[in-house]
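Below you'll find the structure, written out as C-alpha cells, and then a few comments.
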There are 2 protein chains.
Amino acid sequence: MKDKNKPTSLDIAHLAGVSQPTVSRALRDSPLVSKETRLKVQEIARDLNYKVDVNARNLRAQSTNTIALLIFEDDDGDAAFINPFFLSLLGSITRACASAGYDLLFSFQQLSQDWNAEYEDANKADGLIFLGYGDYTNYIKRIAKLDAQGAHFVTWGPVIKNQPGLFIGCDNVQGGFLAADHLLKAGHRRIAFLGDLSEKNPELEKRYQGYLKAHKEHGVAISKELIFSATSGEEQGYKAALNLLSSQHQFTAIACTSDLIAIGAIKALRASNLRVPSDVAVVGFDDIPIAEHISPSLTTVQQDTYEAGKVLVDSVVSLIKGQSVNSKLLPTRLMVRESCGTKK
Amino acid sequence: MKDKNKPTSLDIAHLAGVSQPTVSRALRDSPLVSKETRLKVQEIARDLNYKVDVNARNLRAQSTNTIALLIFEDDDGDAAFINPFFLSLLGSITRACASAGYDLLFSFQQLSQDWNAEYEDANKADGLIFLGYGDYTNYIKRIAKLDAQGAHFVTWGPVIKNQPGLFIGCDNVQGGFLAADHLLKAGHRRIAFLGDLSEKNPELEKRYQGYLKAHKEHGVAISKELIFSATSGEEQGYKAALNLLSSQHQFTAIACTSDLIAIGAIKALRASNLRVPSDVAVVGFDDIPIAEHISPSLTTVQQDTYEAGKVLVDSVVSLIKGQSVNSKLLPTRLMVRESCGTKK
DNA sequence: CACTACTGTGCATACGTATTCAGTGAATGA
DNA sequence: TCATTCACTGAATACGTATGCACAGTAGTG
C-alpha cells in the first residue's frame, strides 16, 4: 500500500549525472549551479513528479514553514460552537498564510494546555496565532509564560499597555464610539448598554469607553442605571434585555457589545411587544453574516476581517524572522442598516 | 532568537545515564525497557519539557500524523467566501482529528492543482479530506488520477455508483423527499423547485430525485414548468425566483436545494409583495446558522455535521491504515420552522 | 608565464528519531 | 556444571535534505 517509491533528490542526481547536493541547489534556484545543470535537473524533477520531502527539509533547516492557528476556549466552553466572527477571520488568515508561503495548522485548544511545548517545541509550527474570547486575566498569565519562553505568537485581542505578547485587534474604542455617536446623532439621549465590563474582557470594556466618549462629545450625561451585564451569546443578550426592561427605566436605544447580544435583545424586546426600530433602536458589534439577514437587519460595527487576517499573518511571520513588531489597532466601520431606524 | 536549545532524546540519555535508543523506547512505553528505566527517563523528559521533534519522527517513520482538509473551488470562485455549511463541518472535523490523534492542515485549493504532489508526495499529510461544491465532472477527472496514484482521500459529496474514490455525503434523496413530503402533506400541490440539475452537481440532482419521489408517493403530478435553474448562492436564488414569478405559472410553495437559494427567493417574493409563508411556503436545504435567524425562520433540511465530521475523519484514518472503506450516506432531518407555514 | 579570482561541483556531514541487530548478565533447566 | 533462555540495553544505521568546505578547471591580470 505504502510502497509508492517516491523519488528522492538522490534519484534525480543519478539520472542527471550529478551529485545530490547539486540537485538540492538546482531545485532551489541557487546561483551556485550553472544554468545548464539547473534546467536539466529541474526538468527531470518535473518528469518524476518529484516533491521535496518537507520532513527532511524541516529537520535539516530546523524550521517548519507552518503557522498554527489556535482557537482557545474556556475549559468549560461549548465544544460545538465556534464564534462566527472567528470563522470569518479564518478565511482571510488561510489565504494570507498561503500567499506568505506557510502551511496552516488548525486546532482548538484548552486554556490549560502547554501551547509552546505542543507546537514550537515539537517543531510543528514556527509561530502561533491565537483567537479566543475567554477569561483575559487567565489568558494573560499563560501568555506571559509563552512570551518568556521566546515563542513566536500573536493574539487577536485588546491592545493594552505593558501587557506581555503581541496583540492585533480592532479599535474597539473607535467602534464603540461610532455606534453610540450614530445613535446620539439620531437624537437618542437615553441609550442602554449591554456588555461585559469585567476585567475578563478588556475588548468589550474598550467598546464601553467609546460609548462614554461619544456621550461626552455630545454633552450627554451617562445614565448608569442603563448599563447591564452580558458576556456574549444570544441568551445572555436576551436575559440582559429582560433585566433592562424590568428595571422600568426609560430608554430609546440599546448599544450592544456583540451582534449575538443584540439579536438576543431584539428577541426580548419583541417578546415585550416593543418594536425595533420604531420603539427602540438597536446596534450591535462584529457584523457577523447573520446581522445582514435578520429582520430588521442589524446596524453594527464591522471589523475588517480581510485586513485583520493579513496583519495577523504578516506579524507572526515577522516575528519568526526575528524582526520586531508592534501591536496594532485596525479601524472599524459602521454598517448602517434597519435596526437603528435611520435607514429604511 | 532561535537558539532555544531544545532538549533532544540524546540530552535525556546523558542525564539518565542510558543510550538514546533506550530513551526513544522508554518514551513510547515500550515493554522492552525495564519499568525502573522507563520511569526515570519519563521523569527527566517531563522536567526538561521535552517534546519529540515531529519532523525527525516523521522522517524516520515515513508518516506525518497529519490530515489535510482541502476546500476546493472552481478556478474562478469568489476567494473571500466560504460556504457556511463547510464552516460548520470544519468544527466537527477539527475535533474528530484531535481525538484521533492527527493534526489538521487547512487550505483552499484550486481545482487545477496537483493535490497528491502537494500533500502526500511532499509528506505533508497522510490523507486528505475534500470539501467543495464545484464542477463535479471536472472534479471527478482529478479524483480519478489521485485514486490511481493510491492517495488516501475522502470527499464530502454525492455517493454515486462506480465513481472513483471514496465519498461520504448526506442522503440527498431522503432530504429532498422530506422537504417535498412536508409541503405535500400541508396540502400544497404546485410546488416550484429551484436548483441546479446539471450533471455538474449530482448532489443537487439527488435532492430533485427526492422531490420527485415524494410527489409520486402522494400521487401528485410534477409540473415541469415550475422547475428553475439556480446553482447556489443568494443572487442565483433571487434571479431564479424572479424567473419563476414572471413565468406567470401558479404555485403555492417553493423547494430550494440550498438555504442561500431560499433566502434569495424569499427576497424576490417580498420584492413582488408576496408574503412568506401566507402566500408562498418556502423550504431550504443545509440548515446554515442564518436559517434560524431570518424572518420568517427557514424550514430546511439539516445535515448532521457533527456525525459527518466524525465519519469523514474515521474514513480517511482507516484508508491510511490500509483498511478498506465504503462510501456512506448519512441521514438527514427536517427542521420545521416558520417559512413553510405549518408552524407559528 | 605565474599568480589570483572566480565558477561550478562533489564530499562529508548534521538535523533527531526509531529500529535492527548483537551483546551482556542473570536466571533457569538438566 | 554447562547449556539455554530471557530481559534488558547499546551500537550502528537509515530516513532525505541542505550546507560548510575543499577542490578542479577556467578566465583574468600583470
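- One atom, NZ of B:Lys124, and another, P of D:dG16, lie 18 Å apart when rounded to the nearest Å.
- Rounded to whole Å, atom C1' of D:dA18 lies 15 Å from atom CD1 of A:Ile12.
- Between A:Gln20 and A:Thr22, the side chains place no donor N or O within less than 3.5 Å of an acceptor N or O (distance only, hydrogens not considered).
- Going from atom NE2 of B:His14 over to atom P of C:dG16 covers 12 Å, rounded to whole Å.
- For the side-chain contact (heavy atoms from CB on, under 4.5 Å) test, residues two or more places apart in sequence or in another chain that qualify with A:Thr94 are A:Leu90, A:Leu104, B:Phe106, B:Phe108.
- Computed from coordinates, the B:Asn58 CG to D:dA14 C1' distance equals 15 Å when rounded to whole Å.
- Of the side-chain N and O atoms in A:Arg28, one or more sit less than 4.0 angstrom from OP1 or OP2 of D:dA18.
- Between B:Lys51 atom NZ and C:dT17 atom C1' there is a gap of 16 Å when expressed in whole angstrom units.
- Side-chain atoms of A:Gln149 and A:Asp121 include no donor-acceptor pair closer than 3.5 Å.
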Start with the C-alpha gap between A:Ser318 and A:Ser315, add the side-chain angles, then the distance that decides, and say whether side chain to side chain donor-acceptor pair (under 3.5 Å) holds. CA-CA 5 Å; A:Ser318 296; A:Ser315 300; over 6 Å; no
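- Comparing the helix axis at one end of the helix from C:dC1-D:dG30 to C:dA30-D:dT1 with that at the other, each defined from 5 consecutive pairs, gives an inter-axis angle of 50° (nearest 10°).
- The NZ-C1' distance, from B:Lys40 to D:dC8, rounds to 13 Å in whole Å.
- The CG atom of A:Leu27 sits 13 Å away from the P atom of D:dT19 (whole-angstrom rounding).
- Checked by atom type, the side-chain pair B:Asp29/B:Gln42 shows a donor-acceptor distance below 3.5 Å.
- Looking at A:Thr8 and A:Tyr50, their side chains never bring a donor and an acceptor atom within 3.5 Å of each other.
- A:Phe85 is linked by a ring pair (Phe, Tyr, Trp, His ring centres under 6.0 Å) to A:Trp156, counting only residues two or more places apart in sequence or in another chain.
- Rounded to whole angstrom, the span from the CG atom of B:Asn55 across to the C1' atom of C:dT17 amounts to 11 Å.
- As judged by a 4.0 angstrom heavy-atom cut-off over every strand, A:Thr8 is placed among residues touching the sugar-phosphate backbone only.
- Remark: B:Phe86 pairs with B:Tyr133 by the ring pair (Phe, Tyr, Trp, His ring centres under 6.0 Å) rule, at least two apart or across chains.
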Anything under 3.5 Å between a donor and an acceptor, one on a side chain of residues 33-41 of chain A, the other on a protein residue two or more places apart or in another chain? List them.
from: A:Ser34; atom 1: OG; to: A:Thr37; atom 2: N; distance (Å): 3.3
from: A:Ser34; atom 1: OG; to: A:Thr37; atom 2: OG1; distance (Å): 2.6
from: A:Lys40; atom 1: NZ; to: A:Ala16; atom 2: O; distance (Å): 3.4

Under a 4.0 Å heavy-atom criterion, the protein footprint on nucleotides 8-15 of chain C, written with B, S and -, is BBBBB-BB
